[in-house]
Amino acid sequence: MKNIYLSIIILCLFLPSISADPKVSQAVELGLVSWGRSLDKAYKDSKVKNKPILLLFQEVPGCHGVQEFGKEVLSNDKIVAFIENNFIPIFVYN
């Protein structure tokens, strides 16, 4: 039970960081998907566009496996198109 509370507290501490400057270049771990960084904007866009929000939590930026996932999976044209056409993509660095 302690772990659940700790996870919620940690998540709440990082939610403000979602609104980071969108002009910052995108890390290789995120692939070619146009990830948003503002949860407030995502909520509004979700209602207007009638699409669900897709949250990507990055646990270990710089990890070889995570970088490969970004290069191979999140850079695949079909996957990028599917995500951007069907969701409001948002990423959160943990």
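All values below were derived from every heavy atom in this structure, side-chain atoms included, with hydrogens, water molecules and symmetry-related copies excluded. Sequential numbering from 1 along the given sequence is applied to the chain's residues.
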Minimum heavy-atom distance between Ser75 and Gly31, given as atom pair plus value: OG-CA, 3.4 Å
Result block: side-chain N/O donor-acceptor pairs under 3.5 angstrom for residues 78-85, not counting sequence neighbours:
from	atom 1	to	atom 2	distance (Å)
Glu84	OE2	Ser34	N	2.6
Glu84	OE2	Ser34	OG	3.2
Asn85	ND2	Ala81	O	3.0

Between CG on residue Asp45 and CG on residue Asp40, distance to nearest 0.5 Å: 11.0 Å
Do the side chain of Gln26 and the main chain of Val33 share a donor and acceptor less than 3.5 angstrom apart? yes
Answer yes if Phe57 and Val28 sit in the same cluster of Ile, Leu, Val, Met, Phe, Trp and Tyr residues linked by side chain heavy atoms under 4.5 Å apart, and no otherwise. no
Nearest-0.5 Å distance, CD1 of residue Ile53 to CG of residue Leu39: 5.5 Å
What distance separates Phe69 CZ from Leu56 CG, expressed to the nearest 0.5 Å? 7.0 Å
Under the side-chain hydrogen bond (donor to acceptor under 3.5 Å, both in side chains) definition, can you give me all pairs with a residue in residues 46-57, not counting sequence neighbours? none
What verdict does the side chain to side chain contact (heavy atoms under 4.5 Å, CB included) test give for Trp35 and Leu74, after you've listed the backbone C-alpha separation in whole Å, the side-chain angles of each residue and the deciding distance to 0.1 Å? CA-CA 11 Å; Trp35 297 98; Leu74 295 177; 4.2 Å; yes
Minimum heavy-atom distance Lys41-Ser38, with the two atoms named: N-OG, 3.2 Å
